[in-house]
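Just the heavy atoms: all of them, side chains too, but no hydrogens, waters or symmetry mates, feed the values below. Residue numbers count from 1 along this sequence.
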Amino acid sequence: MARKQDYQSAFDVIGPIMMGPSSSHTAGAVKIGNAARTVLQSEPQKIVIHYYESFASTHKGHGTDLAIIGGSMGFSTFDERIKDAITFAEAQNIDIEIIEETSASLGEHPNCALIKLDGNGRHVEINGISIGGGTIKIKSIHVDGLCILMHHALPILVVDGEANISLINHLINDLIEYEVDINEEIKTINNDKCLLALHLNKALDIDSLSKLREKYKELNFSYIC
């Protein structure tokens with residue numbers, strides 16, 4: 001269920017400028033694809049989409065396929081290329097697989113998609129739900145074998161790479177120094193590999209993001225907004 005704090009403004013309820021008939025099934029779907037593409041940090045070579053419940057039964061008629069594939073290629077909600085996203089993907093030899101799941105939604109919401117992307121040696125999985133008005137929540141993030149579970153709307157800063165707890169603590173201290181407004185921190189560390197998601201209360205200053213990337217060159221920073 002959507003909560004008032006999941007929406008940043010009235011425009012989130014009305015819905016964004018977008019291609020397609022439905023904010024939930026197209027605009028929200030684009031944003032779930034955008035989230036996966038942002039974390040992958042490259043053009044996908046393979047896109048696998050698992051649909052659940054409402055998405056599974058209506059994705060063809062509502063243009064959800066075009067929306068997620070376009071979003072996974074980096075198209076925005078108002079990009080006119082969305083309507084030809086499959087053609088663009090085929091022209092770039094991107095493998096596409098769509099699976100209609102019959103089990104209950106992984107995201108505990110009828111508008112749910114699990115997107116798996118491969119590209120540039122990285123494997124990323126994003127489980128996202130579209131809660132209306134083009135607003136989404138991220139339910140889980142997988143990057144190269146590491147996984148975190150969550151239930152958060154945007155913005156989210158995702159960090160992954162080789163890091164121990166000491167490095168992560170230094171990073172968090174720098175984020176506080178840069179006045180990044182962190183609502184919640186979710187992380188997993190295994191064999192000096194880390195996956196960290198930071199749910200933010202407000203948008204991240206791009207200058208701060210640039211400073212972080214310059215200081216922590218061994219880490220990947222993905223800002224989903």
Is there a path of hydrophobic side-chain contacts, each under 4.5 Å between heavy atoms, that joins Phe55 and Ile86? yes
Check whether Asn190 reaches the backbone of Lys193 with its side chain - one donor and one acceptor, N or O, closer than 3.5 Å. no
Only pairs at least two apart or in different chains count here, so list each salt bridge (charged side-chain N to carboxylate O under 4.0 Å, His left out) that has a residue in residues 150-168. Arg122-Asp160
Spacing of NZ belonging to Lys31 relative to CD1 belonging to Ile126, to within rounding of 0.5 Å: 15.5 Å
Is the side chain of Lys137 donor-acceptor paired with the backbone N or O of Ile131 at a distance under 3.5 Å, no angle test? no
Of the non-hydrogen atoms in Tyr178 and Ser208, which two are nearest, and what is the gap between them? CB-OG, 3.8 Å
Checking His50 now: which residues fulfil ring-ring contact (aromatic ring centres under 6.0 Å, His included) with it, not counting sequence neighbours? none
Within-4.5 Å side-chain heavy-atom neighbours: Ile49 and Ile69: yes
Criterion side-chain contact (heavy atoms from CB on, under 4.5 Å) against Tyr51, the qualifying member of Asn111, Leu114, Asp65: Asp65
Flag yes if more than 12 heavy atoms outside Asn173 fall under 6.0 Å of its CG atom; otherwise flag no. yes
Can you check whether Leu171 reaches Leu196 side chain to side chain, under 4.5 Å on heavy atoms? yes
Looking only at heavy atoms, the pair that brings Leu146 and Leu195 closest together is O-CD2, 3.4 Å
If you define the side chain from C-beta out and look only at heavy atoms, does anything of Ile129 sit under 4.5 Å from Tyr52? no
Kindly work out whether a path of hydrophobic side-chain contacts (I/L/V/M/F/W/Y, heavy atoms less than 4.5 Å apart) joins Leu149 to Ile141. no
Co-membership, hydrophobic cluster, residues Leu106 and Ile32, 4.5 Å side-chain: no
Testing the basics here: between Ser42 and Asn120, what is the closest heavy-atom pair and its distance to 0.1 Å? OG-CB, 3.5 Å
Which of Ile47, Asn220, Ile115, Val124 passes side-chain contact (heavy atoms from CB on, under 4.5 Å) with Leu40? It is Val124
Would you mind reporting whether His151 and Lys139 have side-chain heavy atoms less than 4.5 Å apart? yes
Rounded to the nearest 0.5 Å, what separation is found between the CD1 atom of Ile98 and the NZ atom of Lys60? 8.0 Å
State the CD1-NZ distance between Ile99 and Lys116, to the nearest 0.5 angstrom. 6.5 Å
Side-chain heavy atoms of His59 within contact of Glu100, under 4.5 Å: yes
Pairwise distance SG(Cys225) to CG(Leu154) - rounded to 0.5 angstrom: 7.5 Å
Checking the side chain of Asn183 only, and the main-chain atoms of Leu200 only, is there a donor and an acceptor separated by less than 3.5 Å? no
Do Ser166 and His170 have side-chain heavy atoms sitting under 4.5 Å apart? yes
Going from CG on Asp174 to NZ on Lys215, what distance comes out if it is rounded to the nearest 0.5 angstrom? 3.5 Å
With a 4.5 Å limit on heavy-atom distance, are the side chains of Ile138 and His152 in contact? no
Does Leu209 reach the side chain of Leu157, with side-chain heavy atoms less than 4.5 Å apart? yes
Group every Ile, Leu, Val, Met, Phe, Trp and Tyr by side-chain heavy-atom contacts under 4.5 Å, then state whether Tyr216 and Ile182 land in the same group. yes
Heavy atoms from other residues, nucleotides or ligands near CD of Glu218 exceed 12 (cutoff 6.0 Å): yes
Measure the OG-CD1 distance between Ser130 and Ile68 for me, rounded to the nearest 0.5 Å. 9.0 Å
Is His199 reaching over with its side chain to a backbone N or O of Ala153, donor-acceptor style, under 3.5 angstrom? yes
Arg37 and Ser72 have their tightest heavy-atom pair at CD-O, 3.1 Å
Please confirm whether the backbone N or O of Ser105 pairs with a side-chain atom of Glu53, one donor and one acceptor, at under 3.5 Å? yes
For Ala27 against Thr77, the heavy-atom pair lying closest together: O-CG2, 3.8 Å
Tell me the closest heavy-atom pair linking Gln41 and Phe221, and the distance in Å. NE2-O, 2.9 Å
Stepwise side-chain contact (heavy atoms from CB on, under 4.5 Å) check, Leu198 with Leu204: CA-CA 11 Å; Leu198 299 167; Leu204 176 63; over 6 Å; no
Given Lys46, Glu43, Gln45, the one that forms side-chain contact (heavy atoms from CB on, under 4.5 Å) with Ile94: Glu43
Under a single-linkage definition using a 4.5 Å side-chain heavy-atom cutoff for Ile, Leu, Val, Met, Phe, Trp and Tyr, are Val48 and Leu66 assigned to the same hydrophobic cluster? no
